[in-house]
Amino acid sequence: MKPNKNYKELKESYLFSEIAKRVAKFSEENPEKQIIRMGIGDVTLPLCDAVVTAMKQASEDMGRAETFHGYGPEQGYDFLREKIKDYYAENGISLDFNEIFISDGAKSDVGNILDLFDKDNTVLIPDPVYPVYVDTNLMDGRKIVFLNANEANGFLPMPDYGVSADIIYLCSPNNPTGAVYDREQLKEWVDYAIKNEAVILFDAAYESFIDDKSLPRSIFEIKGAEKCAIEFCSLSKTAGFTGTRCGYTVVPSELEFDGFSLNKMWLRRQTTKFNGVSYVVQKGAEAVFTKEGRKQIKENIAYYRKNAEIITSTLDELNIWYTGGKNSPYVWMRCPDNMNSWEFFDKLLTEIGVVGTPGAGFGENGKEFFRLTAFSTNEKTAEAMDRLRTLF
Ligand code: MLT
């Protein structure tokens, strides 16, 4: 057996596993320290009532012969896909039913979609970036070209026609920087992709945090995107599904390259390698899109927004540069006093017991930056910011 040698190109452990390891070690050595976790973007509020009620009912269904469900459709149940179709229609996006695929979350689909692409393709990835895009391509041995995101471009890099790429990753609202592309900027990306005959893999996992109506929540709000983009979405942050697992991916029927339909390929891939998301979870996901569910998740998002505001107002007060936090649950701050991001991580952990994510974990351009999430409780976020004030 010959192992996949591309794994040699990967860092020893995945970013968030590395952080968890360091924090666990510190906690063990300092059991008296109260740690506040604002590192991995994991939610703290429980599932909303509408979801819990639907999942209880679905569990009852599974216990009765007349309503029991065995294997479900690999692409997802119609009842959920209908709701997602309607959700897009509210934003003026008309999707065909067959373009919607239910998944167990954006992370898996973002990795699995690479099955559709030749290993010879060149991949364009902004730096800093969600490490999954880089690692999954390294595993396949694809050539990666990095695109500089920095303070000067507001961490929203734009296309460079001097660089040609086949696969382009965009994430907006961005993980880790919280920056959000506007319509004109996304239009430029769509034009560039069409000109290069490239595909855009658009990660919209944080779309529900967009408050500003002028900002696009989906790349399909941009004309021409149906010819060049695939969109990944998730209920993890929208509805607290990080442990429940459900998301959806939109692969337009118009996406054709060299006579190959990506929609048909993805269906073929999913029906072969995936048996769908459980009935109980999809029933819970359906409830997210009901009137009651929408109202309840909105309250939860407002709760996290309050945290983002607590963080950004503290940084304003301390005169520390940052992006995000406005239409995003992430705040991306410059490390004070010229510290690098791991130094700052260690300082916060050891001196004030606050955990964030060092920007270096998201790429070279993140080395002087640090990510804080708004997913903690209001009380802990306020406490973390009080502790930060004692340092600066
Ligand atoms: C993050 O903290 O970047 C996210 O929680 C990771 C993820 O969604 O997989």
Side-chain angles (χ1 to χ4, degrees), residues 10-11 13-23 35-45 103-114 125-137 139 149 155 169-180 201-209 231-249 277 285 300-301 304 307-308 311 322-325 327-333 341-342 345 348-349 354-363 365-366 369-377 380-381 384:
L10 301 170
K11 293 204 182 81
S13 61
Y14 181 60
L15 173 63
F16 295 107
S17 320
E18 174 64 31
I19 292 171
K21 230 174 10 191
R22 288 192 189 210
V23 176
I35 308 276
I36 300 179
R37 290 164 205 273
M38 296 163 77
I40 190 163
D42 197 3
V43 292
T44 46
L45 291 173
S103 71
D104 61 353
K107 181 179 180 174
S108 6
D109 272 15
V110 160
N112 292 334
I113 201 81
L114 295 176
I125 304 185
D127 171 357
V129 78
Y130 180 39
V132 171
Y133 312 154
V134 177
D135 287 358
T136 51
N137 277 289
M139 286 171 183
F155 286 93
Y169 285 83
L170 296 178
C171 176
S172 178
N174 188 267
N175 180 11
T177 69
V180 189
L201 302 180
F202 190 78
D203 187 344
Y206 301 93
E207 59 86 21
S208 58
F209 283 83
E231 179 161 292
F232 304 89
C233 221
S234 161
L235 296 184
S236 285
K237 320 295 155 93
T238 299
F241 272 54
T242 49
T244 309
R245 310 305 312 150
C246 195
Y248 46 95
T249 294
V277 176
N300 290 358
I301 289 169
Y304 294 133
N307 287 340
I311 301 169
Y322 65 89
T323 59
N327 293 285
S328 154
Y330 294 128
V331 180
W332 179 251
M333 61 182 282
S341 65
W342 279 108
F345 173 87
L348 291 198
L349 177 63
V354 171
V355 179
T357 310
F362 299 104
N365 287 349
F369 295 85
F370 198 72
R371 193 192 77 174
L372 290 172
T373 85
F375 290 119
S376 187
T377 64
K380 284 187 179 159
T381 306

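First listed ligand is number 1; within each ligand, the first listed atom is number 1. Predicted model, so just to flag it, every value in this text is computed and none were measured. Basis for what follows: all heavy atoms, side chains included, without hydrogens, waters or symmetry-related copies.
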Tell me, do [X] and [Y] make a side-chain contact under 4.5 Å, heavy atoms counted?
{"X": "Phe369", "Y": "Pro176", "result": "no"}
{"X": "Ile19", "Y": "Pro358", "result": "yes"}
{"X": "Phe155", "Y": "Pro128", "result": "yes"}
{"X": "Ile113", "Y": "Phe232", "result": "yes"}

Contacts table for residues 105-112: side-chain donor-acceptor under 3.5 angstrom, sequence neighbours left out:
unit_1 : atom_1 : unit_2 : atom_2 : d
Ser108 : OG     : Asp104 : OD1    : 2.6
Asp109 : OD2    : Thr249 : OG1    : 2.6
Asn112 : OD1    : Arg269 : NH2    : 3.3
Asn112 : ND2    : Ser108 : O      : 3.1

Any nitrogen or oxygen of [X] lying under 3.5 Å from a nitrogen or oxygen in ligand 1? Just yes or no.
{"X": "Asn175", "value": "yes"}
{"X": "Lys237", "value": "yes"}
{"X": "Arg371", "value": "yes"}
{"X": "Gly41", "value": "yes"}

- Message: For Phe375, which part has a heavy atom under 4.0 Å from ligand 1: side chain, backbone, both, or neither?
- Response: neither
- Item | Mutual orientation of the aromatic rings belonging to Tyr14 and Phe16 [parallel < 30°, tilted 30-60°, perpendicular > 60°] |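 Answer is perpendicular, since the angle exceeds 60°.
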Give the atoms of ligand 1, by number and element, whose distance to some non-hydrogen atom of [X] is under 4.0 Å.
{"X": "Tyr330", "value": "1 (C), 2 (O), 3 (O), 4 (C), 5 (O)"}
{"X": "Tyr130", "value": "6 (C), 7 (C), 8 (O), 9 (O)"}
{"X": "Ile40", "value": "2 (O), 5 (O)"}
{"X": "Phe16", "value": "1 (C), 2 (O), 3 (O)"}

- Quick one: does Thr44's side chain have a donor or acceptor within less than 3.5 Å of a partner on Phe375's backbone? yes
